[in-house]
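Notes follow the structure.
Here is how names work: the chains are called A, B, and so on, in the same order as the sequence lines, proteins then strands, and each is numbered from 1.
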Protein chains: 2
Amino acid sequence: MNIYDVSEHAHVSIATVSRVINGNPNVSEKTRKRVLAVMDELGYTPNVFARSLGLNTMKTIGIMCADSSDPWLAEAVYFLEKQLRSSGYDSILCCSGYLPETKKKYLELLRSKRVDAIILAGSHYVEAREKDNAYLLEAAKDIPIMLVNGCLEGGQIYSTVCDDQAAVYSAAAKLYQSGRSALLYLYSGTSYSNLRKLSGYRQATAAASLPVRDELMVLCSKDPDLAMEQLKELSDSGIKFDSILAAEDILAVGAVKYANQTGISIPEGLSIIGYNNSILSRCTTPEITSVDNKVEALCTTTVNTLMKVLEGGNVPAKTTITPELIKRGTTNF
Amino acid sequence: MNIYDVSEHAHVSIATVSRVINGNPNVSEKTRKRVLAVMDELGYTPNVFARSLGLNTMKTIGIMCADSSDPWLAEAVYFLEKQLRSSGYDSILCCSGYLPETKKKYLELLRSKRVDAIILAGSHYVEAREKDNAYLLEAAKDIPIMLVNGCLEGGQIYSTVCDDQAAVYSAAAKLYQSGRSALLYLYSGTSYSNLRKLSGYRQATAAASLPVRDELMVLCSKDPDLAMEQLKELSDSGIKFDSILAAEDILAVGAVKYANQTGISIPEGLSIIGYNNSILSRCTTPEITSVDNKVEALCTTTVNTLMKVLEGGNVPAKTTITPELIKRGTTNF
DNA sequence: TTGTAGGCGTTATCAC
DNA sequence: GTGATAACGCCTACAA
């Protein structure tokens, strides 16, 4: 069942069938109808492989993320796929894990599939050391590379980021303004995004004329129970804190559990702010005040930018989205 | 940069280059090395489009799910993609939503991309009315259709399911054995899987010589707060219950919130069991006893079965995985 | 408005 | 072991 079968049955040439398929206006209404009828009758579908070969594109975008089961990344993948599909593109998903070697390997793999562009979702793709990002710059020579919540400069690289630093700064400032003075900062990694957040915490602390103390910046487990235990140990070791700002909701969940288990009242005895405004922030009692970093807006913007790039339009290399603090029961402002 | 360039530089025919690419043994070691060297030097990568055209396959599987941001489905997509990739297949993701028309539309769309098979993740693809599944049977005439946690009989349809009915039965039975007599069942939909679960609840209740009461089977919102409000209303309206079995963890979270807000002790005043053993079950205080329905095993099995099918092997049309009850703080057994 | 023919880059079937 | 050559199914000048 191919274009020749259709052309025979409709008594036209394959060129005419092709024109009908592609909506070329140079076909008489009568012919078009006949061809369409035959295609319908025969249940004909154009062969995408042949089409791809001729056009040298499959209208497919590669979506890479470290782990699509991570709640934030799962949402990102969802919105990206949705937006891409509504723009007429398919999505090839590729979970690369967190290791630099596998990231690189999978990027090459996607490239070898001749996708039209690659979207890197999440802040795990920009490494601190410049040379570790060289492979991205190299790939961007051939196809557009889109970063979702990561930032890198280079040829065809386009970044859409949420201003994490400003968000953390503002959240920390709010806690200080509400009378807190010992703000514990919990984080879980050292990606670009994490470093920016940490920097926001430092700046807000300094701006509040408070000392930036190393023991108040804690690398914390992403398991709520382990996080809780860690906080107990911290407290037992004599470190005092009256508020917690977490780089991810899951860490804030650990903080709520810590307070609940040790009988500390929230928010009076301990104020807590999470990050991502995920479903996790609404599963605890009380619910967690959290920074919404606008996954949907990030993803929609990324795809829209990409579409402009693919159309040959001129677009900015970096777009910044403003996050928003969602107030719930773990803060008293 | 194509096979002709390589053949020229290596002073061989394109046939030989092709043989080298495909690991055909009928090439002398000397020639193979020379060709490989040239390919490396030229940075040659075979064109997948041309290859697909010739072989009539792209080694790509379509993964459909209703909503890849749903935690359970997100995990499923993750494990499926991982396992497929390790088997040498790409994954085209397609989020179909929950509406029958769009599910059908997207399945057709995937088919038109000539994927080698389609995996339907989640229990939302098998409708109660037989005629609503006709399109799946139709599609299964052309390519293998794999159901993850759904069950349907027909040509090339292969189902891998977790025995939800038995799991719910066993969980309910445990609650009754521990002395509970008014078990409220919360569910959130009427998919195949949901109906099976409900049936498990009914059976366990009957087996415990208790009346199966309609007012104790409640269709519940997936928002934890709305669920909590619903439970309050239920209680206010005079309905008594001493335990809750939820068809999804998120509903159980609502139950925990309800107890916490109304001062009911857990598990003494109210025992709660969730379903899915998701991260949500570990975010509340106390943590939620939950049924683990083995997403990873489900997905790995599905892909392994698919690989056998694609190799032409003989495989069972249905595989059942046994779930497991993970005991935590919301039950006292 | 329609048809013809060449090209896209492989794989596979023959010969040699 | 190697090479020529015909598919694979479509798109697109160019011709008519």
Legend entry - Full working for side-chain contact (heavy atoms from CB on, under 4.5 Å) between A/L80 and A/S91: CA-CA 8 Å; A/L80 289 171; A/S91 305; over 6 Å; no
Inset, instruction - Please step through side-chain contact (heavy atoms from CB on, under 4.5 Å) for the pair B/Y158 and B/L306, ending with a clear verdict. - result: CA-CA 8 Å; B/Y158 302 90; B/L306 174 58; over 6 Å; no
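Along DNA chain C, read 5' to 3', the first and last nucleotides having any atom under 4.0 Å from a heavy atom of chain B are C/dG9 to C/dA12.
Within the structure, no pair that satisfies the salt bridge (Lys or Arg N to Asp or Glu O under 4.0 Å) test touches residues 5-29 of chain B, not counting sequence neighbours. For residues 37-47 of chain B, the set of pairs meeting the side-chain hydrogen bond (donor to acceptor under 3.5 Å, both in side chains) definition, not counting sequence neighbours, is empty. Identified under the salt bridge (Lys or Arg N to Asp or Glu O under 4.0 Å) test for residues 75-87 of chain A, with sequence neighbours left out: A/E81-A/R85, A/R85-A/D90. Applying the side-chain hydrogen bond (donor to acceptor under 3.5 Å, both in side chains) test to every pair with at least one member in residues 304-317 of chain B, sequence neighbours left out, gives these pairs: B/Q83-B/N304. For residues 54-69 of chain B, every residue pair satisfying the side-chain hydrogen bond (donor to acceptor under 3.5 Å, both in side chains) rule, not counting sequence neighbours, is listed here: B/T57-B/D116, B/D67-B/S69. A ring-ring contact (aromatic ring centres under 6.0 Å, His included) check over residues 77-127 of chain B, counting only residues at least two apart or in different chains, returns the pairs B/Y98-B/H124.
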Result block: side-chain N/O donor-acceptor pairs under 3.5 angstrom for residues 137-154 of chain B, not counting sequence neighbours:
unit_1 : atom_1 : unit_2 : atom_2 : d
B/E138 : OE1    : B/K141 : NZ     : 3.3
B/D142 : OD2    : B/R111 : NH1    : 2.4
B/N149 : OD1    : B/C162 : N      : 3.2

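Within residues 24-37 of chain A, the residues that place at least one heavy atom under 4.0 Å from DNA chain C are, in residue-number order, A/N26, A/V27, A/S28, A/T31.
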Inset, instruction - Go along nucleotides 5-16 of chain D 5' to 3' and tag each nucleotide: B for a protein heavy atom under 4.0 Å from its base, S when only backbone or sugar atoms are that close, - otherwise. - result: B--BBBBB----
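Taking the salt bridge (charged side-chain N to carboxylate O under 4.0 Å, His left out) definition, one finds that B/K104 meets it with nothing, sequence neighbours left out.
Shortest non-hydrogen contact noted between A/V77 and A/C65 is CG2-SG, 4.0 Å.
B/T16 has its side chain within reach of B/S13: a pair of non-hydrogen atoms, C-beta onward, lies under 4.5 Å apart.
Between the two ends of the helix from C/dT1-D/dA16 to C/dC16-D/dG1, each summarised by a five-pair axis, the helix axis turns through 40° (rounded to 10 degrees).
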